Amino acid sequence: MFLVLKFGGTSVGSAQRIKDLVKFCVTPAPKIVVLSAMSGTTNALVEICEALYAKEIEKATTLISILKLKYDKEIKDLYSKPKSIEKAEQLITNHFNHLLSFTMDMFTVNEEKAILAQGELLSTALFHYYLEECGFDSALLPALNFMKIDANDEPDMAYIEKFALEELKKHPEQKLFITQGYICRNVFGEIDNLKRGGSDYTASIIGAAIKSTEVQIWTDIDGMHNNDPRIVDKTHPIKELSFDEAAELAYFGAKILHPTCILPAKKRNIPVRLKNTLQPEALGTLIANINTNEGIKAVAAKDGITAINIKSDRMLLAHGFLRAVFEIFERYKTPIDMICTSEVAVSLTIDNNKNLGGITKELKEIAMVEIDDNQTIICIVGQLPKDKSGYANKVLDALKDIPLRMVSYGGSANNISVLVNGSLKKEALQALNKGLFNY
Ligand code: ADP
Ligand code: ASP
Ligand code: MG
């Protein structure tokens with residue numbers, strides 16, 4: 001049975017950090033190690049793509065050279081043997097020549113996806129060479145040979161299971177595999193990805209596919225904290241979360257986990273452990289099929305939300321009206337996050353504005369429509385039994401000075417959500433830190 005260990009961008013962010021990973025990977029337990037790109041690389045690749053879309057070829061070429069300089073430096077610090085340095089130099093030359101080749105061609109979304117894949121391809125090969133230099137045997141598992149999404153951009157689990165096992169079988173004695181997070185193929189067989197932060201998702205999908213004993217997400221903080229440490233001053237790590245609690249936090253903005261990364265692990269009941277590479281002795285967070293203590297555990301915020309208010313004094317209560325509304329969102333493949341209704345209106349939120357124009361046009365055919373963009377969902381998560389009073393009270397009391405655009409309570413026993421204007425996010429998270437966690 002294999003463990004799956006995922007190391008994020010900061011954990012492979014420099015030669016020294018890559019060296020520090022060896023101790024986690026060469027213990028006797030068989031492992032599949034999933035790596036992100038070195039931190040900053042995917043952002044740099046996104047910038048290169050933006051320049052290429054804008055046909056700013058000189059700018060793109062300069063950005064490619066700047067990124068290459070970083071890798072030239074890192075490999076000098078990483079390897080000491082001439083043979084490894086030579087191999088790494090060749091690898092970097094190949095990948096950067098490949099990047100440069102896009103400056104000469106037409107640039108479309110397919111080229112963009114191929115460019116974004118370079119970071120993970122580089123980090124995994126560099127780590128594999130480093131293990132080799134240290135005398136540790138490992139094998140590279142090419143994610144593009146088995147990670148696949150379907151026509152709805154969902155992981156194609158049957159395909160992944162079959163081909164991941166086939167890749168593993170090519171090395172029957174091997175105990176240590178290294179593979180790329182984030183990258184995959186789409187339904188057309190083209191290179192694609194699992195969206196930003198997607199390496200967590202890769203780890204959980206692989207864990208589910210091979211029925212791993214545990215998925216470990218190693219990052220730069222000691223687990224899931226009760227609030228966003230980038231925004232509020234004082235936070236603490238949470239020891240245990242149920243799958244449902246963790247899924248809500250990830251989906252509603254806790255950046256430590258990719259939004260949908262808990263689901264594959266939950267489906268196969270595989271525990272997910274969040275650990276800190278800089279402080280490996282810290283307990284971190286265990287996410288599993290457990291009954292955690294009652295109470296509020298954490299809050300998270302998701303930005304870039306659009307609220308849509310749909311008003312129809314004649315039709316709202318009419319049979320079939322809500323179905324007509326939902327069908328419009330379904331046609332545009334746009335998921336709804338929050339929803340609140342009154343007798344004459346329904347307010348709902350979406351986080352994907354791509355088809356807002358079409359959605360609004362169709363909604364206007366059946367009702368009056370108002371749009372508020374730049375909203376933030378604040379999600380309060382824990383074990384909050386609906387039959388006990390007090391939880392909604394506590395939350396509303398903590399937020400008493402902040403105007404709330406929507407409140408959603410009772411949908412699940414794990415979540416209370418409120419919608420606030422984006423400009424009030426910090427204030428709301430601070431108020432909740434004080435009101436719910438006494439900071
Ligand atoms: P990686 O590169 O390892 O994937 P990320 O940057 O994606 O790491 O995620 C880790 C970061 O998530 C932390 O450094 C922290 O700032 C941020 N973060 C946001 N919300 C939380 C939270 N509730 N608990 C822990 N970390 C959080
Ligand atoms: N490298 C990708 C990103 O920066 C995936 C990941 O790090 O999880 O989004
Ligand atoms: Mg991440």
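Whatever order the structure lists ligands and atoms in, that order sets their numbers, starting from 1. A quick note: this is a predicted structure, and the numbers were derived from the prediction, not measured. For the numbers below, each heavy atom of this structure counts, side chains included, while hydrogens, waters and symmetry mates do not.
The only member of N226, D397, N227, I380 that meets side-chain contact (heavy atoms from CB on, under 4.5 Å) when paired with L436 is I380.
With no hydrogens or angles considered, a side-chain donor-acceptor pair links Q180 and T124 at under 3.5 Å.
Smallest separation of non-hydrogen atoms from S36 and V12: O-CG2, 3.5 Å.
For ligand 2, the polar-atom distance check finds an N/O of T42 within less than 3.5 Å of one of the ligand's N/O atoms. Looking at S199 next to ligand 2, an N or O pair under 3.5 Å apart turns up.
N421 meets the side-chain hydrogen bond (donor to acceptor under 3.5 Å, both in side chains) test with S423; sequence neighbours excluded.
The aromatic rings of Y159 and F163 sit tilted, their planes meeting at an angle between 30° and 60°. Below 30°, between 30° and 60°, or above 60°: for Y53 and F107 the angle between ring planes is above 60°, a perpendicular geometry.
For H258, no heavy-atom contact with ligand 2 is shorter than 4.0 Å.
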Practice prompt. Could you walk me through whether F2 and F177 pass ring-ring contact (aromatic ring centres under 6.0 Å, His included), step by step?
Written response: CA-CA 10 Å; F2 283 89; F177 290 94; 5.7 Å; yes
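Here F127 and F7 keep their ring centres 6.0 angstrom or further from each other. Here the two rings, on H236 and Y439, have centers that are under 6.0 Å apart.
The local environment of NZ in K55 is sparse, with at most 12 non-hydrogen atoms from other residues, nucleotides or ligands closer than 6.0 Å.
At the shortest separation from atom 1 (N) of ligand 2 among protein heavy atoms lies E120 OE2, 2.6 Å. What sits closest to atom 7 (O) of ligand 2 on the protein, heavy atoms only, is S36 OG, 3.1 Å.
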Between ligand 1 and the protein, which N/O pairs are shorter than 3.5 Å?
{"unit_1": "ligand 1", "atom_1": "2 (O)", "unit_2": "G9", "atom_2": "N", "d": "3.1"}
{"unit_1": "ligand 1", "atom_1": "3 (O)", "unit_2": "T219", "atom_2": "OG1", "d": "2.7"}
{"unit_1": "ligand 1", "atom_1": "4 (O)", "unit_2": "K6", "atom_2": "NZ", "d": "3.0"}
{"unit_1": "ligand 1", "atom_1": "6 (O)", "unit_2": "K255", "atom_2": "NZ", "d": "2.7"}
{"unit_1": "ligand 1", "atom_1": "8 (O)", "unit_2": "T219", "atom_2": "OG1", "d": "3.1"}
{"unit_1": "ligand 1", "atom_1": "14 (O)", "unit_2": "D220", "atom_2": "OD1", "d": "2.8"}
{"unit_1": "ligand 1", "atom_1": "14 (O)", "unit_2": "D220", "atom_2": "OD2", "d": "3.3"}
{"unit_1": "ligand 1", "atom_1": "23 (N)", "unit_2": "H225", "atom_2": "O", "d": "3.2"}
{"unit_1": "ligand 1", "atom_1": "24 (N)", "unit_2": "H225", "atom_2": "N", "d": "2.8"}

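Residue contacts with ligand 2 include G198, since one of its heavy atoms falls under 4.0 Å from the ligand. Under a 4.0 angstrom heavy-atom cut-off, G197 registers as being in contact with ligand 2.
For atom 9 (O) of ligand 2, the candidate residues are K6, M38, R196; the nearest heavy-atom contact is made by R196.
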